[in-house]
Amino acid sequence: VQCAVLCAEIERQGGTAIAFPAVEIEPVAVEATVTAADYDLVVFVSVNAVEHGARHVTKSERTRIAAIGRATAAALAAAELAADIVPDAGFTSEALLAHPQLQLTDGARVLIVRGEGGRELLRETFVTHGMSVETREVYRRVRPIVDSARVVELEAHWADEGIDIVTATSIETLENLQALLTERGRQLLSSTALLVPSRRIVAAAVGAGLRGEAIVAAGADDASMIGALAQWRMRARA
């Protein structure tokens, strides 16, 4: 479970963490390995892109590697593909595009390693600047199959003992969670505080009718989420 580290840290700090994954990651078959030297820039959009795509990209001294977010950069380092460009704040496409070292050079060749159905902002921006862009989709996000008894158990705990805050690291996570819950659970969710890593998710939550407090972390990495959670808890106690 990808949230295992986050759950463990919450427990270490005296909280109670309930793991209820609303997104599962499935690898996509990749036909062939690509040579990074064929590109001026290779962008990995997430930790999952690194996990399922790094082994299909050979290293090159001349190619710059970009990572969206510190967690993605750490995953690249572990895969021995050190990132040259990492946004200092944020883990969004916008944060990467604003990076001063990202040179949008006409004619440059770019490879974007991502999941199926990812945002098109990076590709569209690169194309607008005259760059040649290829994408390699190495994983897909799917809604997990959750036993109805597990949902009933979660909602009973939520109603009887309370859940202070729900984490959602993507819009899809939030949408899947709403779909997995019953109407009772959706009502509970609608008034529960939400911890997210971007304003885009907040906007989606508001659009979906959620009215709980929104806490926005600096990124989707565990350290940023835990830091935002700790600050929120301190404010709540005060």
Side-chain angles (χ1 to χ4, degrees), residues 2 22-23 25-28 30 34 36 38-54 56-57 63-76 81 83-143 167-176 194-208 214 216-221 224-225 228:
Q2 287 189 326
V23 171
I25 302 298
E26 292 182 347
V28 172
V30 177
V34 299
D38 293 336
Y39 303 93
D40 299 292
L41 176 69
V42 178
V43 181
F44 288 86
V45 304
S46 66
V47 172
N48 288 316
V50 177
E51 180 179 348
H52 298 288
H56 300 295
V57 178
T63 303
R64 293 185 302 158
I65 304 290
I68 296 184
R70 291 187 294 270
T72 304
L76 281 168
L81 278 175
D84 304 294
I85 304 170
V86 185
D88 294 326
F91 78 115
T92 63
S93 298
E94 290 85 350
L96 178 62
L97 290 169
H99 198 286
Q101 293 182 18
L102 185 70
Q103 299 166 4
L104 303 178
T105 306
D106 185 15
R109 294 197 63 193
V110 182
L111 175 67
I112 302 174
V113 185
R114 66 182 192 178
E116 289 184 352
R119 294 179 70 198
E120 295 293 339
L121 178 62
L122 280 179
R123 186 188 64 79
E124 291 172 352
T125 302
F126 292 153
V127 169
T128 298
H129 284 79
M131 304 167 81
S132 174
V133 183
E134 296 178 31
T135 59
R136 176 152 292 209
E137 297 179 337
V138 296
Y139 66 94
R140 64 173 62 92
R141 294 168 291 267
V142 298
R143 184 185 301 163
T167 66
T169 55
S170 69
I171 292 174
E172 188 172 12
T173 300
L174 191 60
E175 291 174 343
N176 285 357
L194 196 64
L195 173 61
V196 299
S198 78
R199 293 286 177 187
R200 288 181 59 250
I201 305 174
V202 175
V206 172
V216 182
D221 58 288
S224 296
M225 295 289 278

Practice prompt. Please name the pair of heavy atoms, one in Ile201 and one in Ala168, separated by the smallest distance, quoted to 0.1 Å.
Written response: CD1-O, 3.8 Å
Worksheet item: Looking at residues at least two apart in the chain, or sitting in another chain, which of them share a side chain to side chain donor-acceptor pair (under 3.5 Å) with Thr63?
Response: Ser60
Item to complete: Please name all residues satisfying salt bridge (Lys or Arg N to Asp or Glu O under 4.0 Å) with Glu120, sequence neighbours left out, ordered by chain then number.
Response: Arg114, Arg123
Response to the item:
The side chain to side chain contact (heavy atoms under 4.5 Å, CB included) partners of Ala83 (sequence neighbours excluded) come to Ala67, Ala73, Leu76, Val86
Practice prompt. Can you see which heavy atom on Ser224 is nearest to which on Arg70, and at what distance?
Written response: OG-NH2, 2.7 Å
Fill in: Distance in Å, Leu122 CG paired with Ile112 CD1, rounded so as to fall on 0.5 Å steps
5.0 Å
Worksheet item: What residues, two or more places apart in sequence or in another chain, satisfy salt bridge (Lys or Arg N to Asp or Glu O under 4.0 Å) together with Arg136?
Response: none
Practice prompt. For Val57 and Ala36, work out which heavy atoms get closest and say how close.
Written response: CG1-CB, 4.0 Å
Response to the item:
Residues passing the side chain to side chain donor-acceptor pair (under 3.5 Å) test with Thr135, sequence neighbours excluded, are none
Worksheet entry | Contacts of Arg200 that satisfy side chain to side chain donor-acceptor pair (under 3.5 Å) - sequence neighbours left out | none
Discussion item. Looking at every heavy atom in both Thr92 and Ser198, which two are closest together, and how far apart are they?
Written reply: CG2-CB, 4.5 Å
Worksheet entry | Met225 versus Ala217, closest heavy-atom pair with distance | SD-CB, 3.9 Å
Worksheet item: With no hydrogens and no angle check, is any side-chain donor or acceptor of Thr128 less than 3.5 Å from a backbone partner on Glu124?
Response: yes
Worksheet entry | With Ala66 via side chain to side chain contact (heavy atoms under 4.5 Å, CB included) - residues at least two apart | Leu41, Val43, Ile85, Leu96
Worksheet item: Got a second to check how far Ile25's CD1 is from Asn48's CG, nearest 0.5 Å?
Response: 4.0 Å
Worksheet item: Partners of Ser46 by side chain to side chain donor-acceptor pair (under 3.5 Å), sequence neighbours excluded?
Response: Tyr139
Discussion item. According to side chain to side chain contact (heavy atoms under 4.5 Å, CB included), who are the partners of Ser170, at least two apart in sequence or on a separate chain?
Written reply: Glu172, Thr173
Discussion item. Tell me if a side-chain donor or acceptor on Asn176 pairs with a main-chain N or O of Val23 at a distance below 3.5 Å.
Written reply: no
Item to complete: Apply the side chain to side chain contact (heavy atoms under 4.5 Å, CB included) test between Val34 and each candidate in Val42, Leu111, Val113; give the one that qualifies.
Response: Leu111
Practice prompt. Could you pull out all residues at least two apart from Arg119 that satisfy salt bridge (Lys or Arg N to Asp or Glu O under 4.0 Å)?
Written response: Glu94
Discussion item. Within the structure provided, determine whether Val50 and Thr72 are in side-chain contact (heavy-atom separation under 4.5 Å).
Written reply: yes
Worksheet item: So which pairs with a foot in residues 95-110 pass side chain to side chain donor-acceptor pair (under 3.5 Å), sequence neighbours left out?
Response: Arg109-Glu134
Item to complete: Write down the atom of Leu102, the atom of Phe126, and the distance for their closest heavy-atom approach.
Response: CD2-CE2, 4.2 Å
